[in-house]
Colleague: 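Quick one: the structure is below, questions incoming.
The figures here come from the full heavy-atom set of this structure, side chains too, leaving out hydrogens, waters and symmetry mates. In this chain, numbering begins with 1 at the start of the sequence shown.
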Amino acid sequence: RSALPCPARPGQAPPPPGPAPTDQAPPPSVQAPPLPNSPRLPSAGQCHPRAMQLAGRWFLVGMASHCSYLAEHSYQLEATTVTVTILDGQSLAISTFRKLDGMCWEIRQRYLPTQARGRFLLKGRGYGRKVDMVVGETDYSTYAILYYQKGRSISVKLYGRTSRVSDDVTDKFEQHVRAVGLNEDVTYYFPQYGFCDSSDEFHILDGEL
């Protein structure tokens, strides 16, 4: 199976972002331009996320995708968190934590910056394995909406600083989902309990770095 847009499982690639909370008022949300009708990620030319503010812990709240795994296993989705660390001031080192068969796993990946601000690249092994990620919209302190593209397949993920987000944020997420031609039939919301905080050394996998 392809690494994305399916949810993170050992041996597969998943992703997210995360800002670090501050005592100052949060900056206005950052939003990518409107999407075209064709299956292509939005331009990140107007999206200028502050990399350092994407650091920290995020909870996977929702995901929209035509991934067959999601459709077949929607009744047993696992609570998922990601921890984002900023490397060299711009690359995103992402650790995804989730359970598989009752055991907590950590999947590590590194997304590299591109020339377009707000757009990152996960290099895969072999032809056609790369994954593009675009920060669609975020306010850094409460939510982040991300696009992922592998080949012609696009998924949209909603992350929160907590496992619950407001109705307004959920509405924003669903608007982004519809903008890429997806709908509620392929939108899934993840459990808000049973999160993994860590994994032991025998349950750590390196993603496609």
Colleague: Look up atom CD in Glu137 and atom OH in Tyr147, then write down how far apart they are to the nearest 0.5 Å.
Modeller: 8.0 Å
Colleague: Atom CZ of Phe120 and atom CD of Gln109: how far apart are they, to the nearest 0.5 Å?
Modeller: 14.0 Å
Colleague: Just verifying a value: how many Å separate Trp105 CH2 and Leu100 CG, rounded to the nearest 0.5 Å?
Modeller: 7.0 Å
Colleague: How would you list, by chain and number, every residue that makes a side chain to side chain contact (heavy atoms under 4.5 Å, CB included) with Ala93, sequence neighbours excluded?
Modeller: Thr85, Leu87
Colleague: Please examine the side chains of Ile145 and Val156, heavy atoms only from C-beta on, and report whether any two atoms are closer than 4.5 Å.
Modeller: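 Contact flag for Val156/Ile145 side chains = yes.
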Colleague: Please report the closest heavy-atom contact between Thr170 and Val165, naming both atoms and the distance.
Modeller: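 That would be OG1-CG2, 3.6 Å.
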Colleague: Do you know the tightest heavy-atom contact between Ser65 and Leu70?
Modeller: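 Scanning both residues completely, I find the closest heavy atoms to be CB-CD1, 3.9 Å.
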Colleague: Supply the atom-to-atom distance Tyr111 OH to Ile94 CD1, rounded to the nearest 0.5 angstrom.
Modeller: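 Reported value, rounded in 0.5 Å steps: 5.5 Å.
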Colleague: If the test is side-chain contact (heavy atoms from CB on, under 4.5 Å), which one of Thr138, Thr142, Val82 qualifies with Tyr159?
Modeller: Val82
Colleague: Supply the members, apart from Phe195, of the Ile/Leu/Val/Met/Phe/Trp/Tyr cluster built from side-chain contacts under 4.5 Å; use none for a lone residue.
Modeller: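 Its cluster mates, by chain and number, are Phe59.
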Colleague: Can you list the residues that meet the side chain to side chain contact (heavy atoms under 4.5 Å, CB included) rule with Thr114, with sequence neighbours excluded?
Modeller: Ala116, Arg119, Leu121
Colleague: Which residue pairs satisfy the side-chain hydrogen bond (donor to acceptor under 3.5 Å, both in side chains) criterion with at least one member in residues 178-189, sequence neighbours excluded?
Modeller: Glu174-Tyr189
Colleague: State the OG1-CG distance between Thr96 and Leu60, to the nearest 0.5 angstrom.
Modeller: 8.5 Å
Colleague: Check salt bridge (Lys or Arg N to Asp or Glu O under 4.0 Å) between Asp88 and all other residues, then give those that pass, not counting sequence neighbours.
Modeller: Arg110
Colleague: For residues Ser91 and Leu112, report the shortest heavy-atom separation together with the two atoms involved.
Modeller: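 Scanning both residues completely, I find the closest heavy atoms to be OG-CD2, 3.8 Å.
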Colleague: If we only count heavy atoms from C-beta on, is the Val134 to Leu146 side-chain gap below 4.5 Å?
Modeller: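 The answer is no; the side chains never approach within 4.5 Å.
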Colleague: Using atom types as modelled and distance alone, determine if a side-chain donor or acceptor of Thr81 lies under 3.5 Å from a backbone N or O of Ala79.
Modeller: no
Colleague: Does any pair with a residue in residues 148-197 pass disulfide (SG to SG under 2.5 Å), and if so which ones, sequence neighbours excluded?
Modeller: Cys104-Cys196
Colleague: Out of curiosity, Arg117 CZ to Gln90 CD, how far, rounded to the nearest 0.5 Å?
Modeller: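 Separation between the atoms: 10.5 Å.
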Colleague: Short question: side chain of Gln149, backbone of Gly151 - any donor-acceptor pair under 3.5 Å?
Modeller: yes
Colleague: Indicate yes or no for a side-chain donor-acceptor contact from Asp139 to the backbone of Tyr143 under 3.5 Å, with no hydrogens or angles considered.
Modeller: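 Yes, the answer is positive, given that a donor and an acceptor are paired below the 3.5 Å cut-off.
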Colleague: If I compare all heavy atoms of Glu78 with all of Pro191, which pair ends up nearest, and what's the gap?
Modeller: C-CD, 4.0 Å
Colleague: Looking at every non-hydrogen atom in both residues, tell me the closest pair between Lys157 and Tyr148 and how far apart they are.
Modeller: CD-CE1, 3.5 Å
Colleague: By side chain to side chain donor-acceptor pair (under 3.5 Å), which residues pair with Gln192, not counting sequence neighbours?
Modeller: Arg164
